Every structure is written in C-alpha cells, then in structure tokens.
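Below: the structure, in structure tokens.
One-based numbering, in listed order, for ligands and for the atoms of each. In what follows, every heavy atom counts, from backbone to side chain, and hydrogens, waters and symmetry copies are set aside. All values reported here derive from a predicted model rather than from experimental measurement.
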Amino acid sequence: MITESTLLDSPNGRASGEPVQSAITYEKIPTHIYADAKAASRAVAQEIADLIRQKQGEGKPCILGLATGSSPKTVYAELVRMHREEGLSFRNVVSYNLDEYYPMEPDSLQSYWRFMKEQLFDHVDIPAGNYHIPDGTVRPEKVAEFCKQYEADIEAAGGLDFQLLGIGGNGHIGFNEPGSLSNSHTRLMMLDNSTRAAASGDFGGLAKTPRKAITMGVASILSARRIVLLAWGERKAPVIRGAVEGTVTEQNPASYLQTHPNVLFVIDEAAASELTRMKTPWLVDSVVWDNKMIKKAVTHLSLTLGKPVLKLTDRDYNDNGMSDLLAQYGQSYDINIDIFNQLQHTITGWPGGKPNADDTNRPERALPAQKRCLIFSPHPDDDIISMGGTFQRLVDQGHEVHVGYQTSGNIAVADDEALRFADYVVDFNNQFGIKSPEATRIFQDAAASLRSKKDSEMDTAEVRYVKGLIRRGEAKSTCRFVGIPVENAHFLNMPFYETGTVAKKPLGEEDVKIVMDLIEQIKPHQIYAAGDLADPHGTHKVCLDAVMEAVRRLKQSNATPENFMKDCWVWLYRGAWAEWDIHEIEMAVPMSPDQVMRKRLGIFKHQSQKDGVVYQGTDSREFWQRAEERNRTTAGLYNHLGLAEYEAIEAFVRWKF
Ligand code: F6R
C-alpha cells in the first residue's frame, strides 16, 4: 500500500531491490515517483537545503536557478518551513529565475517577481540584492542586451549549482516552447498558444494574457550542474512520458534533459501514470495479479488489439507479456468471461439502485427504494457537466436529490458579464425608486469598479458578490430544469475559495465543518463528489479533501448501529477535464441520445460559462462539448470491449473508506 511518504522507486527507475531491466530501457531520465506532491516536495526541499548548507560549510555562495508556476509552490513552502523551524539560512543563496512575462510590471498581480517574493523571498533571510528575475520592464530595444547580461551574470557568479524546473503541458521548460533549439540562450520568446491558454485564468482571459516572455534558454538550463524537474497531476502525464521515454526532440523541449548527466525528475503518481512501468507494469516486471491488475491488463489488451474481451485468445495473452496470468487461470476463456462479467455488472440505468430487483451484481443497493442523494458540486456547474444524466435519472426515479454547491465560482465570471448584471440592477432600482441603501451601494460600487478596473487588479468584494450571485442563479436554474426544488440547492460558499484570485487558501477547519453540517442535515444514503485530480492544486481537489475529511469524521464520531453514515455510500465522478480509466469504473450509467441532448440543455443554463470563458484552460471547446465527448468516449470503450453499444455513459468509482 502506498503511504504518503512512500518513494515508489529508486533513482534509476528500478523498483527497489528488484532486478528490473526493462524499466531502464524505457526510461531515459532518472525518475522518482512519489505518492503525492507534498511528499515529493519535501524530498526536493531537503536536497536544496543540503546543498545550501554544504556550500555554507565551504564558505561559498549557493547559486540556484528557480522556477515559478504551481509546481514549485510546495517546495518553497517547505523551504520556508525549514527556515522558520530548522534555522535554514539563505544568506549565502544567490538565485536566478528562469523567466518573466514581457512586458510585465514587477508589482503586477501576475508578475513572477511578485510570485517569488510572496512564495519565498519575503519569508527567508536571502539578502535583497541576491535574487534576480528577468526584468519585464526593459525597453524593447534593450531586451537583447539585458538577456546577454543575465547570462553573463550567472556565469560570473560561478554558474548554476542547481536548477529547479517545472514542465508545461507542451513540454516547455522555462518558456522554451516547442521548437526551441538545444543551443538557445536567454532571449525574448513568443509564447505558445497552449501556454497562454493555461495562463489565461491568471490574466482574466486569453485576450489579456501576454504574448511574450523573457526566458533562459535550453543551453542556459543545461549548463546547470544539477537539474530537478517537478510535475504534478495527470495533465502532465503524456508530456512526462514523452520526455522520459521518447526520443530527444525540439517538439518536447523537456526531452533535451535526457542529454544532461545529473538530472532527476520528481513527479507524483498522477503525472507518472502514462509511464510504461505504471500504465502496463506487466511489460516491465512481474506483477501481483490481483483483480484490479487483471482488469487493467485485460481491458488494455482488448483495446490495444482492437478485439472484444470475449475474443482474446491464449496466444494474445502469451504474446503480450501476460503468460503468467494465463498460467494462473489455465485458459483465456476463463479470464475473459470473468472480466466481461465484471464489466457488465458495472452498467446500470438505476444509479440509486433498482427497486425489487436482485442487487447481488448491481453497483448500488436496491433498498431503500427511495434514497436521499447528496451531490457535491465544487463549482456551480460541475453537477450537470459531469453527472447531468445521472442527476436526472435519480430525480426521475423518485429519489430525494440535494446539491451542495461548494464554492461560489465567482472568479470565473467575466467582467463584462458582471457589469451587465450590475447595471441591470442599478437601472431597475433607479426606475422603480427602490431604496435599499445597501443593495444600491453594492451594485453601484460593483458597476463603478468594473468600469474602471485594470487588467492587473483584483475584483472588489462587491464585484465578487455580483459574480457569485450570477453563478448561483445559473445553478438554481439547472436545478429547476432537472426538477428538484430550489430549497434542495445548498450554497456553501466555502471560505478557502474566497481569495478573489486564482490562488486559494488551504482547506480550513471552517470548510470541513460546513460540509459536515450539510451531510448531517441531509443524512444521505448516497454522496456524489468530484474525484477529479487532474489539477492537484485546484479547487476540485480541495473540495474533495473537504468531503473525504467530513465523511471520515462523521463515520468515526457516530459509530453506533443507528448511525446514518454506515448506510452512506460515496460515489466519485470526474470533472470536465479527465475521466476514470475504464478498468477503474464501478458504476457506468448509460444515456440515450435524448438524454444526452437534455443534459446539454441543462449545461446551457450556465450562460456565464459559455463563449470563451475566463478559465478556458488549454481546451478551447465549451463545457457541453467536452462532457459529451467524454461520455461518448466511455460508451465507445465499453462497446470496443464487447459490451452493448450506448450513445454515452457517465462513470463513477466508489470511495470505500
Ligand atoms: C515557470 C516556468 C514554466 C513552468 C511551467 C509549468 O517559471 O518556467 O516552465 O514551470 O509552465 O507550470 P505549472 O507548474 O504552473 O504547471
């Protein structure tokens, strides 16, 4: 079992103590996989601290190359902790950051200057003149000279002892976008469209996102004596696989790191999920053939060979590294039928359980026939986007359905949309002479602030209020559409979210308490929660942590026979970004073409999230398109495995505490 602090392998990608050959042939960069980002960050921070202390011992400066972005935040937090609690001093540290947007004022909300001060420099004893960040205010005609000097300064300081890196979804390191040459140096770079899309959330939309950045080059990075690259979350998994196992190519600049003699990738399990040793471990080493591994291997074999499960032969198993499994069962037919039945049993049109039916092989219990169901929706639209078909079925099949909207979702509303609503209320009040001084103030202040707001400014409390109200109205509209009373929509406004910026506070006691209170109030038989871990720093993960913590506490606190929690099952759905792997799915709820269409109309209720939303991410499609594609893909996979052909399927995994 993986524990939080478990390192899943040794430096060369070998399972510890095992005589593994094949992992080495697949992986061309030493890669450490940790159970989560926190454990991984501790190890990286420790390495940096050791280096700083070693240099202190030698009476020398420690020259660090530093990165920004979400990945290194946990490393910086750990370094700050070490400074506070263990006396780690940064007095001998000299640092050079990789990059900065261009143009960019240092005090702007999105500047990397500000980021580094907030995350690290303001909390440790590094002398003010010792840190360097490319200057986003240099005049255009001076940029080339500035870049040359930046390189010269690093060299004069003795070169980088250690370079910390993140990796872009397109493989960029620093802002060396695909196409960057291995001999590139510090320069002004045009940002890739996918990089701008990923950053657009910080800038309030793509149009306001910078097009350029000053970045250290690939050669500048490779000149460091030691390099450690961080990657968290499954969104990084494909590009990590390319960099670690693929060929060196300018299309994935991180692959240049294969040529460095002292590099280490430190990644979490999710970012490692596409590596051969994680995805198809039976091709790398002998594995323990438990049911989960068998299901994973058989579905993979079936989909790879393009053959339904029931048509797989002994030869197919032998030719694809699964002969030991075959020997265990005796013949392919027995494996096939076993896995086919398991897949078949995940499919149900009765997500709340089928009344008066034998439920031995069904995902949900038949009784009680009418259940209380509580759907937790991290943002106001996740319920309908991710499980709209199931939501509708639960309602149509007579269950009492509630939705707990966990956050206000206010930062995802565009300014012009908010101004439209604020103006509407101000005009309405003026026309009818409505004199609620507080209401008038809020909406007038919001409208005034939106009219004069600069791109780099944070929303005022009034603006956030108006934006939150817009999303609340949309969620209520979806609830009416699906057919639940509006009183069953519970708006939790969890405090961790309310920072007004993309960066959120950590999960707090108050957040957990709010979730616990709602569960206790509803006493659900079923909880649905977003198990979307695509972005480990994102809102969905914090919302899931809150639900899990609340459930754990409630389970423990009332361990009496009449405790409602003992009858409460938790089902995890996935958000708009990723889907469960086919072998993980424990409940698959099919949808007909009409039901798909109805779900689409339900998603349309979220008008503020249509047409180029603030948080578009790298996927330019609208949410209904992403959801439909995902649900159709799942149905297609079931069909390829040899099961019935459905129009679309929503998928769930049961969380057993
Ligand atoms: C940041 C940088 C970038 C990021 C990369 C990943 O200084 O140079 O290469 O490391 O875009 O960003 P996150 O960590 O936010 O996913």
Side-chain angles (χ1 to χ4, degrees), residues 37 40-41 44 64-77 95-102 104 110-121 131-136 150 160 162-180 184 186-203 209-210 212-218 220-222 224 227-240 243 252-257 265-268 270-271 501-504 533-538 541 577 615 617-618:
S41 300
V44 175
L64 299 179
L66 298 177
T68 53
S70 61
S71 310
K73 279 186 182 173
T74 31
V75 173
Y76 296 147
S95 73
Y96 292 87
N97 261 74
L98 280 167
D99 41 24
E100 176 61 285
Y101 292 112
Y102 185 83
M104 178 58 65
Q110 303 88 353
S111 87
Y112 284 168
W113 174 265
R114 187 176 178 137
F115 175 99
M116 286 309 299
K117 283 176 71 69
E118 286 176 357
Q119 300 294 323
L120 184 64
F121 300 149
Y131 50 86
H132 310 85
I133 295 165
D135 184 353
Y150 200 71
L160 298 169
F162 180 101
Q163 174 67 59
L164 188 64
L165 294 177
I167 180 171
N170 61 2
H172 72 214
I173 45 175
F175 277 133
N176 293 286
E177 302 288 20
S180 294
S184 54
T186 304
R187 67 206 186 286
L188 190 63
M189 184 83 204
M190 285 306 285
L191 294 176
D192 192 63
N193 200 44
S194 67
T195 301
R196 293 182 65 232
S200 63
D202 296 340
F203 289 91
T209 306
K212 295 179 191 167
I214 295 177
T215 181
M216 277 166 57
V218 176
S220 336
I221 292 171
L222 290 175
I227 301 176
V228 173
L229 180 144
L230 316 169
W232 324 133
E234 56 193 295
R235 245 184 282 177
K236 299 284 171 72
V239 81
I240 285 290
N252 183 346
S255 67
Y256 286 130
L257 296 168
F265 277 22
V266 176
I267 64 181
D268 67 2
T501 67
V502 181
K504 303 291 184 286
L533 308 180
D535 176 4
H537 299 286
K541 173 73 168 70
W577 317 99
Y615 293 98
T618 46

Counting heavy atoms only, name the option from T68, L98, D99 that's nearest to atom 8 (O) of ligand 1. D99
Close aromatic pair by centroid cut-off 6.0 Å: Y131 and W113: yes
Please determine if Y112 has a nitrogen or oxygen closer than 3.5 Å to a nitrogen or oxygen of ligand 1. no
Any donor and acceptor pair, going by atom type alone, linking the side chain of N252 with main-chain N or O of V239 inside 3.5 Å? yes
If you measure from each non-hydrogen atom of I167 to ligand 1, which part falls under 4.0 Å: side chain, backbone, both or neither? backbone
M216 backbone acceptor or donor facing N176 side chain under 3.5 Å: yes
Starting from atom 10 (O) of ligand 1, locate the nearest protein heavy atom and write down its residue, its atom name and how far away it is, to 0.1 Å. G166 CA, 3.3 Å
Testing the 3.5 Å rule here: is there a donor-acceptor pair between the side chains of S180 and R187? yes
Can S95 and H132 be counted as having a side-chain donor-acceptor contact under 3.5 angstrom? no
Do L165 and L98 have side chains that get closer than 4.5 Å, going by heavy atoms? yes
Residue, atom name and distance, where the atom is the protein heavy atom closest to atom 5 (C) of ligand 1: H172 NE2, 3.3 Å
Report the C-alpha distance between F203 and Y101 in whole Å, list the side-chain angles of each, state the deciding distance to 0.1 Å, and finish with yes or no for ring-ring contact (aromatic ring centres under 6.0 Å, His included). CA-CA 12 Å; F203 289 91; Y101 292 112; 5.2 Å; yes
Say whether G174, considering both its backbone and side-chain N or O atoms, lies within less than 3.5 Å of an N or O atom on ligand 1. yes
Closest heavy-atom approach to atom 12 (O) of ligand 1 among G69, A231, A67 is made by G69
Among all protein non-hydrogen atoms, which one is nearest to atom 14 (O) of ligand 1, and what is the separation to 0.1 Å? S71 OG, 2.5 Å
Give me the residue, atom name and distance of the protein heavy atom closest to atom 16 (O) of ligand 1. K236 NZ, 2.6 Å
Students should be able to answer this: which protein heavy-atom is nearest to atom 15 (O) of ligand 1, and at what distance? S70 N, 2.7 Å
